Amino acid sequence: QVQLVESGGGLVQAGGSLRLSCAASGRTFRIYAMGWFRQAPGKEREFVAAFKWAVGSTYYADSVKGRFTISEDNAKNMVYLQMNSLKPEDTAVYYCAARLDIATTQLNSPAEYGYWGQGTQVTVSS
């Protein structure tokens, strides 16, 4: 019912910046929240940031606070993740996710999201 496509990943040196984009299509009027997650090789998928679509509230993992910013362009159904001061430990596949309709207090849990993009690789070299 909602399709998500990420873009913007790549290779960057430590201290550099990247901006990830997520294009949402389909029944976007049902979106309650959008999130960014990441998964490094051999590790579980972890929460990065989330955005409540209607109210504009943002949430961040402690590891990225002050460095990453989640934002949206409602008119274009786009969500962005601006990543500054990147570190090698930020290297992972980054996924965009959407939760429809129902509110939740656990926006940091992958289980709360029903729709996922294909992921985009971010590699930070030291």
Side-chain angles (χ1 to χ4, degrees):
Q1 299 185 19
V2 171
Q3 296 78 43
L4 304 172
V5 178
E6 303 99 332
S7 61
L11 173 63
V12 64
Q13 288 188 333
S17 299
L18 280 175
R19 189 177 82 153
L20 305 183
S21 300
C22 175
S25 60
R27 297 192 175 192
T28 57
F29 61 90
R30 296 182 58 187
I31 292 176
Y32 166 74
M34 298 285 291
W36 285 98
F37 291 78
R38 65 188 182 187
Q39 189 166 17
K43 294 189 177 181
E44 292 187 352
R45 192 165 297 190
E46 67 170 359
F47 171 72
V48 176
F51 184 96
K52 283 187 182 177
W53 203 252
V55 300
S57 303
T58 57
Y59 308 86
Y60 296 95
D62 288 342
S63 59
V64 306
K65 268 181 192 173
R67 299 189 298 124
F68 291 11
T69 303
I70 188 171
S71 62
E72 57 88 30
D73 184 334
N74 210 331
K76 297 181 180 179
N77 292 321
M78 297 288 296
V79 174
Y80 305 99
L81 186 68
Q82 178 67 43
M83 305 186 295
N84 298 328
S85 302
L86 282 161
K87 305 175 181 179
E89 51 264 44
D90 294 318
T91 295
V93 177
Y94 283 70
Y95 297 91
C96 175
R99 176 177 175 87
L100 306 188
D101 299 327
I102 301 173
T104 178
T105 59
Q106 298 184 1
L107 285 175
N108 59 343
S109 171
E112 298 296 302
Y113 296 80
Y115 297 87
W116 294 83
Q118 82 288 351
T120 185
Q121 176 70 47
V122 171
T123 303
V124 185
S125 62
S126 57

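Not measured: the values here are computed from a predicted model.
- Taking CG of Leu4 as the start and CD1 of Ile31 as the end, the distance is 6.5 Å to the nearest 0.5 Å.
- Using a 30° and 60° split on the angle between ring planes, Tyr94 and Phe68 fall in the tilted class, from 30° to 60°.
- The backbone N or O of Gly119 lies less than 3.5 Å from a partner atom in the side chain of Glu6, making a donor-acceptor pair.
- Between Lys65 and Asp62, at least one side-chain N (NZ, or NE/NH1/NH2) sits under 4.0 Å from a carboxylate O, which counts as a salt bridge.
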- Going through the checks in order, is the side chain to side chain contact (heavy atoms under 4.5 Å, CB included) test met by Leu20 and Arg38? CA-CA 12 Å; Leu20 305 183; Arg38 65 188 182 187; over 6 Å; no
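- When all heavy atoms of Tyr32 and Asp101 are compared, the pair lying nearest together is CB-N, 3.9 Å.
- Linking Ile, Leu, Val, Met, Phe, Trp and Tyr residues whenever their side-chain heavy atoms come within less than 4.5 Å leaves Val12 and Val93 in two separate clusters.
- Minimum heavy-atom separation, Gly117 to Tyr95: O-CD2, 3.7 Å.
- Residues Trp53 and Asn74 meet the side-chain proximity criterion, which asks for heavy atoms closer than 4.5 Å.
- Cluster membership check: Val124 does not share its hydrophobic cluster with Phe37, using side-chain heavy-atom separations under 4.5 Å among Ile, Leu, Val, Met, Phe, Trp and Tyr.
- A donor-acceptor contact shorter than 3.5 Å links the side chain of Arg67 to the backbone of Ser63.
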- Carefully, step by step, assess Asn108 and Glu46 under the rule side chain to side chain contact (heavy atoms under 4.5 Å, CB included). CA-CA 8 Å; Asn108 59 343; Glu46 67 170 359; over 6 Å; no
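- The line from CZ of Arg19 to OG of Ser17 is 12.0 Å long, rounded to the nearest 0.5 Å.
- Residues Met83 and Trp36 fail the side-chain proximity criterion, which asks for heavy atoms closer than 4.5 Å.
- Annotation for Ala49 and Leu81: closest pair CB-CD1, 4.1 Å, computed over non-hydrogen atoms.
- The CD atom of Gln39 sits 8.5 Å away from the CD atom of Glu44 when rounded to the nearest 0.5 Å.
- Counting heavy atoms of neighbouring residues, nucleotides and ligands inside a 6.0 Å radius, atom CD of Gln13 does not exceed 12 of them.
- Between the side chain of Thr58 and the main chain of Phe51, no donor-acceptor pair closer than 3.5 Å is present.
- Between the OG1 atom of Thr28 and the CE atom of Met78 there is a distance of 12.5 Å, given to the nearest 0.5 Å.
- Without hydrogens or angle criteria, Arg27 side chain to Gln1 main chain gives no donor-acceptor distance under 3.5 Å.
- Checking side-chain atoms of Tyr113 against main-chain N and O of Leu107 turns up a donor-acceptor pair under 3.5 Å.
- Annotation: the span from Thr91 atom OG1 to Gln121 atom CD amounts to 7.0 Å, rounded to 0.5 Å.
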- Message: Would Tyr80 and Thr69 count as a side chain to side chain contact (heavy atoms under 4.5 Å, CB included) here? Give the steps.
- Response: CA-CA 8 Å; Tyr80 305 99; Thr69 303; over 6 Å; no
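- For the atom pair CE of Met34 and CG of Asn77, the computed distance is 8.5 Å after rounding to the nearest 0.5 Å.
- Remark: aromatic rings of Tyr59 and Phe47 are distant, center separation not under 6.0 Å.
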- Task: Take Arg30 and Val2 through the test side chain to side chain contact (heavy atoms under 4.5 Å, CB included) and record every step on the way to the result.
- Result: CA-CA 9 Å; Arg30 296 182 58 187; Val2 171; 5.7 Å; no
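- Here the closest heavy-atom approach between residue Pro88 and residue Ser126 is recorded as CG-CB, 3.8 Å.
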